[in-house]
**Student:** 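The structure that follows is given in the form of structure tokens.
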Amino acid sequence: MPKPLNGKGRYMPGLDGLRALAVFAVIVYHLDVGWAPGGLLGVGVFFVLSGYLITDILIAQWKRSGQIDWKDFWLRRVRRLMPALLVMVTVVTAWVTLFDRSQLASLRGDVLSSLLYVNNWWRIFHEVSYFSRFGPPSPFGHFWSLAVEEQFYLLWPPLLFIGLRLAPQRWRLLGLTLALALVSALAMALLYEPGTDPSRVYYGTDTRAFALLIGAALAMIWPSGKLSVKAAPQARLILDSIGGAGLAIIAAMIWLVDQYDGFLYRGGFVLLSVATALVVAALAHPVSRLGKALGWKPLRWLGVRSYGIYLWHYPVIVLTSPAVNTGGTDIVRGILQIGVSVILAALSYRFVEEPIRNGGLINAWRQMRAREIRRGRVPIGRKIASVCMLLVPVISLIGLTSFASDTTAGLVSHDGGDLQADKAALSSPVQDSADSSDSAESPGWRPDNTFLPEDSVKSGGTAQPGEISKPNGSKAVERVKPESGQGVNAIGDSIMLDVASYLQDLLPGITIDGKVGRQMSQAQDVIDRLKSKDELGDAVIIQLGTNGTFSKKTLVTLLHSLENVRQVVLVNTRVPHPWESNVNSTLAETAQQFSNVTLVDWYAASADKDSYFSPDGVHLVKEGAKVYASLVAEAIKPLQSGNAGS
């Protein structure tokens, strides 16, 4: 945080260092770096920081004057946050208008909800997942957290005012604040449903408020203005040890926990908030050595610009990453994306945030104009900059207002792919054969892939998995010889719908049960239904995992229910999201425990095969669907041969 403008606050450089660490944790998460699956927890750190600093300012104001100047507070928040946001939204929208108009249809809702700071509730209402995004994600997908903070800034001052009037005693006010935090944490725990997408509880102001309130509670008992500049060596050691322990907890959670871990929603986020409060308490104290360490100048420089870095990093990553990437993480591209984000944030801070924050933008403009008048000319660079400043908003406005006339653009679902493609998949002759109501689910790109061991797939000659070598040695993707699919049930999501027709050709008589958005936790109901009708058959193909991870216990329970089935085929997943490795490792480890399970390695077979995928990087085009179906059919062959000889 820059030094206070009014001179009445105390600058705490260590908190800027913590900001820098938090924002880079979020960036690492959005870059899909496997070693930090919990990088999204950086947002929780920001929440606690905001709760502490805002409450510290408001209580200090109350102590000085006996009142809270809401108008001044809200005006300062708008001046601090809105200008940089407006600039970023305008520039990114203009970029999309010029270079990727297919995304315009989904941007209007994001732009309007972001400018009104209700983006999180807009996403909840429209059921836009933060985790299961397929197709090009919105460059404004990270604005939900800004909405949560701004809603807190709007609601907390009057609530705090009421609390200070009704419960002036510090401990009573602290108790009320912690009670509200407890209600929020319980709401998260109760609304969270294991095995389902947790976006509702992740986005909700009601379910995330406890982090802000824990920060607020800290400000009530640890006001920055009353912390002594002197402390005994033992007290300093205790303070640094507590802060260090909190920092270690945060780091461990970022390293070990992912977004689908049920622990997060049933106490994990609370633990993160408490750990962050311990760190903030140490960093806020003038004698803290940890505060001096995190106040290191480069970290402080980044932390001061962390708001801009957070604003810019996600659109930079989204707009400069390939739509389909089966070749793994590109380290060089990631470093460049981080560098560009920091540069844009630095420019925003220098030319937008600081001038407006210091109230000097108009004066700076007048001084510049006065110099130009004295010189009698306007520098060519200034002319170009002025033209750009006029063109960018115009292009942005044209983009936001013109898409409605594009009838095809309206069929692009936000963070969800192409509705026409989903509708085509759902109208496939292979619907959910066991329950026709499944096909009525609202379409959206929420697919799911599965996994099989490499040694279960064999190809002749030099052909790749799923290819058949011709006698002359040339390669061509051909259909394997049809085998009977009688007694074979295939259970999956929209990926199964993609390959359904090809599986039917290769395994005539196969029964395919596909449903858009299906999770592994929902497969048991399908199995139980087939059992009740005595239609389970001799082989079951399970293709699930693209829509999110699942626990090993869920998969083990499912496979135990199939122990009397002669062959169970699991197919692993290729999905450009953090849970991919978790899904595939769970499938691989669990498959080894069951003698009747075969694992098909779609992840390996599709490596460096961008041509297999549609623009969302998950769903399959014809070429990929043929290879996928061939892999699965080959895995079923041993069963068919066994039947023939019996």
Side-chain angles (χ1 to χ4, degrees), residues 132-136 323-324 326 411-413 416-433 438-439 441-452 457 465-467 477 479-480 485 488-508 510-520 522-523 526 541-548 569-577 580 583 600-603 605-607 609-636:
S132 300
R133 296 186 299 266
F134 303 103
V324 181
T326 59
L411 291 172
V412 179
S413 62
D418 188 331
L419 292 186
Q420 285 182 323
D422 266 349
K423 288 176 180 177
L426 286 173
S427 62
S428 162
V430 184
Q431 297 276 343
D432 184 339
S433 58
D438 283 349
S439 64
E441 178 177 331
S442 59
W445 285 110
R446 298 180 183 176
D448 184 273
N449 287 353
T450 2
F451 186 108
L452 269 174
V457 181
E467 295 179 345
V477 177
R479 295 175 179 177
V480 297
V488 180
N489 280 285
I491 301 169
D493 48 41
S494 55
I495 298 299
M496 184 62 70
L497 295 175
D498 287 345
V499 304
S501 61
Y502 303 105
L503 272 179
Q504 286 178 324
D505 289 344
L506 296 172
L507 297 171
I510 186 174
T511 300
I512 297 178
D513 188 327
K515 178 184 177 183
V516 174
R518 178 176 279 153
Q519 297 274 1
M520 183 67 78
Q522 298 169 303
V526 181
I541 302 165
I542 297 177
Q543 169 274 313
L544 292 167
T546 306
N547 296 305
V569 174
L570 301 178
V571 190
N572 69 2
T573 189
R574 177 170 289 281
V575 52
H577 291 291
E580 176 189 75
V583 166
V600 173
D601 197 349
W602 170 242
Y603 177 81
S606 59
K609 301 289 186 181
D610 292 0
S611 61
Y612 287 0
F613 297 92
S614 66
D616 64 9
V618 180
H619 286 83
L620 306 176
V621 298
K622 184 176 181 180
E623 180 185 1
K626 281 186 174 182
V627 174
Y628 193 107
S630 296
L631 290 171
V632 175
E634 287 286 344
I636 294 293

**Student:** Please name the pair of heavy atoms, one in Ala490 and one in Ile510, separated by the smallest distance, quoted to 0.1 Å.
**Tutor:**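 Answer, listing the atom of Ala490 first, then Ile510: CB-CD1, 4.1 Å.
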**Student:** Checking side chain to side chain contact (heavy atoms under 4.5 Å, CB included) for the pair Tyr502/Leu620: CA distance, chi angles, key distance, verdict?
**Tutor:** CA-CA 12 Å; Tyr502 303 105; Leu620 306 176; over 6 Å; no
**Student:** With side chains defined as the heavy atoms from C-beta onward, is the minimum distance between Ser611 and Val621 less than 4.5 Å?
**Tutor:**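 Side-chain contact under 4.5 Å: no.
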**Student:** To the nearest 0.5 Å, what is the distance between CG on Asp513 and CG on Leu497?
**Tutor:**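 Between atom CG of Asp513 and atom CG of Leu497 there are 9.0 Å.
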**Student:** Show the numbers, then the answer: is there a side chain to side chain contact (heavy atoms under 4.5 Å, CB included) between Arg518 and Val526?
**Tutor:** CA-CA 11 Å; Arg518 178 176 279 153; Val526 181; 3.8 Å; yes
**Student:** Assess whether side chain to side chain contact (heavy atoms under 4.5 Å, CB included) is satisfied between Ile541 and Val632, documenting all intermediate values.
**Tutor:** CA-CA 8 Å; Ile541 302 165; Val632 175; 3.5 Å; yes
**Student:** Would you give the length of the straight line joining atom CD of Gln504 to atom CD1 of Ile512, rounded to the nearest 0.5 angstrom?
**Tutor:**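 One finds 5.0 Å between CD of Gln504 and CD1 of Ile512.
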**Student:** Please round to the nearest 0.5 Å and tell me the distance separating atom CG of Asp498 and atom CG of Leu503.
**Tutor:** 11.0 Å
**Student:** Walk me through it: do Tyr628 and Ile495 pass the test side chain to side chain contact (heavy atoms under 4.5 Å, CB included)?
**Tutor:** CA-CA 10 Å; Tyr628 193 107; Ile495 298 299; 4.1 Å; yes
**Student:** With Thr573 as reference, evaluate Asn547, Val618, Val583 under the side-chain contact (heavy atoms from CB on, under 4.5 Å) test and give the passing residue.
**Tutor:** Val583
**Student:** Looking at Trp602 and Gly624, what are the two nearest heavy atoms and their distance?
**Tutor:**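 Scanning both residues, the minimum pair turns out to be CH2-O, 3.8 Å.
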**Student:** So, for Ala605 and Leu631, which heavy atoms are closest and what is the spacing to 0.1 Å?
**Tutor:** CB-CD1, 3.6 Å
**Student:** Rounded to the nearest 0.5 Å, what's the gap from CD1 on Ile491 to CD1 on Ile542? Could you check?
**Tutor:**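 So the gap between those two atoms works out to 5.5 Å.
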**Student:** Rounded to the nearest 0.5 Å, what's the gap from OH on Tyr612 to CZ on Arg574? Could you check?
**Tutor:**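 Rounded to the nearest 0.5 Å, the OH-CZ separation comes out at 11.0 Å.
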